[in-house]
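The structure presented is a predicted model; accordingly, all values stated were derived computationally and were not measured. Just so we're on the same page: letters track the sequence lines, and every chain starts at 1.
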Amino acid sequence: MASGLYKAWYRDSEPANSNSRSNMTDSSQAARVRFAPSPTGLTHLGSARTALYNYLLAKQTGGKFILRIEDTDSKRYVAEAEDDLKDSLKWLGLNWDEGVEVQGPHAPYRQSERKAIYREHAQELLENGHAFYCFCTPKELEAARQEQIKRKEQTRYPGTCRNLSLEDAQQRIKAGEEHVIRFKMPREGSITVTDELRGEITFENKNLDDYILVKSDGQALYHLAAMVDDHLMEITHVTRGEEWLATFPLHVHIYRAFGWQEPKWVHLSVFLKPQGKGKMSKRDTEQMKLSGQSIFVKDLEDMGYIPEGVINWIALMGWSYDDKTEFFRLENLIELFSIKKLNPSPAAIDFKKLDHFNGLHIRALEVKDLAQRLLPFFEAEGYEVDDDKLKDIVPLLQERLVTIDDAPSLAGFFFKDEVEPNPEELVAKGLNAEESANLAQKTLSILEQATDWEHDSLQEPLRALADEMEVKAGQLFGILRVAITGQRVSPPLFESMEIIGRETSLKRIKKAIALLEAQAA
RNA sequence: GCCCCCAUCGUCUAGGGGACCAGGACGUAGCCCUUUCAAGGCUAAGACCGGGGUUCGAAUCCCCGUGGGGGCACCA
């Protein structure tokens, strides 16, 4: 069925009294969903989003979110990848109810530990005629492939062993012949499968191959292992990447061959390069790092992004709630998420938007919370951080931070004994060094007499000074800002001086005067 | 080459035949606020891929192009 018709049917099938803004997913019973990554590298945004949507569906229906490790390919296995996966999920707040580490009723949750299960199921397909042993060598298959290419035919398994009897095959295996197990794809007819986003999709069986289910080393491949596990683990919704769309009919064929009830299938679109067109390649990700961006969750954490920002950002790449709401926390998403509002078209990654959401969520944080998150970034720069002082500083920083690792460069001067202003920056715009030194000197005299070291009472007499000297307040404050903070850009000046205290502030102004006088001479 | 998916501002998207001279957000530009930088407020520019149908009426439904994407492994 065409997707448009499908969508219409879908909507009409809702209960008549259902609210048009209903966020209930089609099945409001508890969903059992799984995130089943392959530990071959660092966790990236695409995986994170798939995990998020799975998690949301589970939480929204009071179901279970399961983490299964698909490590059937020992060649591509990367030991650190599994830890990275777990760390990334935890950092994002996507805690799983069953799976590796936490265990559960369907353990083990690592496919390399489930080989016997797959062997039994392969045996079942062999016996019911939906699979067959194949003794073709890679060499023979390659030769057949070349032939097909030459004849401009579709390249596919030539069918050599398709009709071997099970008895003959078992004889040859006993004799020690190498073999794989293949799915016996029907050669005629077609199969119509249903994706929750795209509706019905029909494939001609003749375009499908006799895919390998079990390799010659006895290890099951994804196609068998994942289907068996999904069934055994009672998965109700399979939400996975679009790259599985091509083998989607195979997977449904496998379900039917076993006589199992299918889950709901959701194929998410891929993420495209920031430039808009084209999928992310390894080269692109390296290029990206050079410009200070990354698609790896771990990197985003190191770069000072907060999980709330990342979650909000990826949630909205392929899903939307309505035409205006854009600020979401995880708990809101759990409530509002809906498969029906997923967008099947691919989305380009936009890091500017991540900055925006990160800033939004930083500003929405409690001061105490933000202080706690900032602490390690200051400590990493070698600053000794006083908790009370930090709590005073945080409100000044909060609305200026895009990423939390911006904090040390913006506010390091609070924790330094001395700052090293650039003498040239001390000179106010439109004035020379001598005039600036003179202004700084007068400022010092006024501040030395200040009885109350509080930002408003510091500011008042200095504004009067600026008037008296016929300079703009901004010119005077500029000198003072660089003297106090060592920076041209800083948090609000007088609040900063209040926190730094009288003694240190005066000391820094004296130093600035010396630097200005040296320059004037 | 074959199979499959997708198509609204630069980007993410709203849109389910009349409520659309198409709404929001990021980014961009201008203004306001302002001690710097931000944040915030206001304003502006900016899109229905093309062609055929269906219909009184199409961004919306159908077909064909075109473009983009995914897949064609003893990877997942």
Within the supplied structure, the quantity of interest is the number of heavy atoms (other residues, nucleotides, ligands) at a distance under 6.0 Å from [X] [atom1]; does it exceed 12?
X: A:Lys472; atom1: NZ; result: no
X: A:Lys215; atom1: NZ; result: yes
X: A:Glu177; atom1: CD; result: yes
X: A:Glu178; atom1: CD; result: no

- Less than 3.5 Å between a donor and an acceptor, one on the side chain of A:Ser216 and one on the base of B:rC74, is that the case here?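 Answer is yes: a donor-acceptor pair is held.
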
- Task: Spell out yes or no: do the side chain of A:Lys353 and the base of B:rA25 have one donor N/O and one acceptor N/O closer than 3.5 Å?
- Result: yes

- Item | Residue met sooner reading RNA chain B from 5', once A:Trp244 and A:Thr325 are mapped to nucleotides | A:Thr325

- Would you mind telling me which residue lines up with the more 5' stretch of RNA chain B, A:Gln111 or A:Gln154, judged by nearest nucleotide? A:Gln154

For nucleotides [N] and [M], find the distance between their [atom1] atoms and express it as a whole number of Å.
N: B:rC48; M: B:rA59; atom1: C1'; answer: 5 Å
N: B:rC9; M: B:rG70; atom1: C1'; answer: 26 Å
N: B:rU11; M: B:rG17; atom1: P; answer: 27 Å
N: B:rU13; M: B:rC6; atom1: C1'; answer: 15 Å
N: B:rA22; M: B:rG30; atom1: C1'; answer: 25 Å

Please determine, for [N], whether a Watson-Crick or G-U wobble partner exists with both distances under 3.5 Å, and give it or none.
N: B:rG17; value: none
N: B:rG40; value: B:rC32
N: B:rC61; value: B:rG53
N: B:rG67; value: B:rC6
N: B:rG1; value: B:rC72
N: B:rC48; value: none

Under 4.0 Å between a side-chain N/O of [X] and OP1 or OP2 of [N], yes or no?
X: A:Thr72; N: B:rA76; result: yes
X: A:Asn207; N: B:rG71; result: no
X: A:Lys75; N: B:rC75; result: yes
X: A:Lys341; N: B:rG15; result: yes

Can you name the atoms? Protein N/O to nucleotides 35-38 of chain B N/O, anything below 3.5 Å, with the distance.
residue : atom : partner  : partner atom : Å
B:rU35  : OP1  : A:Arg463 : NH2          : 2.2
B:rU35  : O2'  : A:Arg481 : NH2          : 3.4
B:rU35  : O2   : A:Arg481 : NH2          : 2.2
B:rU36  : O2'  : A:Arg488 : O            : 3.4
B:rU36  : N1   : A:Arg481 : NH2          : 3.4
B:rU36  : O2   : A:Ser490 : N            : 2.8
B:rU36  : O2   : A:Ser490 : O            : 3.0
B:rU36  : N3   : A:Arg481 : NH1          : 3.3
B:rU36  : N3   : A:Ser490 : O            : 2.6
B:rU36  : O4   : A:Pro492 : N            : 3.4
B:rC37  : O2   : A:Arg400 : NH1          : 3.1
B:rC37  : N3   : A:Arg400 : NH1          : 2.2
B:rC37  : N4   : A:Arg400 : NH1          : 3.4
B:rA38  : O2'  : A:Glu399 : O            : 2.8
B:rA38  : N1   : A:Glu399 : OE2          : 3.0
B:rA38  : N3   : A:Glu399 : OE2          : 3.4

- Let me know the distance between CH2 of A:Trp265 and C1' of B:rC5, rounded to the nearest Å.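 Nearest whole value for this atom pair: 17 Å.
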
- Find the distance A:Ile201:CD1 to B:rG69:P and express it as a whole number of Å.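 Computing the A:Ile201:CD1 to B:rG69:P distance gives 19 Å.
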
- Are A:Arg114 and A:Asp71 within salt-bridge range, i.e. N to O under 4.0 Å?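 Here A:Arg114 does not pair with A:Asp71 in a salt bridge, since their nearest N and O are not under 4.0 Å apart.
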
- Task: Return the nearest nucleotide to the side chain of A:Lys215; candidates are B:rU13, B:rC74, B:rC12.
- Result: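 Of B:rU13, B:rC74, B:rC12, B:rC74 is nearest to the side chain of A:Lys215.
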
- Query: With respect to the side chain of A:Asp323, which nucleotide from B:rG23, B:rA76, B:rU11 is positioned closest?
  - Reply: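 Looking only at heavy atoms from C-beta outward on A:Asp323, the closest nucleotide is B:rG23.
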
NA contact type, [X], heavy-atom cut-off 4.0 Å: base, sugar-phosphate, or nothing?
X: A:Gly318; value: sugar-phosphate
X: A:Pro138; value: base
X: A:Asp355; value: nothing

- Give the C-alpha distance, both sets of side-chain angles, the deciding distance and a yes or no for ring-ring contact (aromatic ring centres under 6.0 Å, His included) between A:Trp265 and A:Tyr255. CA-CA 12 Å; A:Trp265 306 90; A:Tyr255 259 88; 5.8 Å; yes

- Are the aromatic rings of A:Tyr222 and A:His251 close, with centres under 6.0 Å apart?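 Centroid separation for A:Tyr222 and A:His251: below 6.0 Å.
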
- Query: Is there a ring-ring contact (aromatic ring centres under 6.0 Å, His included) between A:Phe183 and A:His223 once you walk through the steps?
  - Reply: CA-CA 10 Å; A:Phe183 187 77; A:His223 301 129; 9.9 Å; no

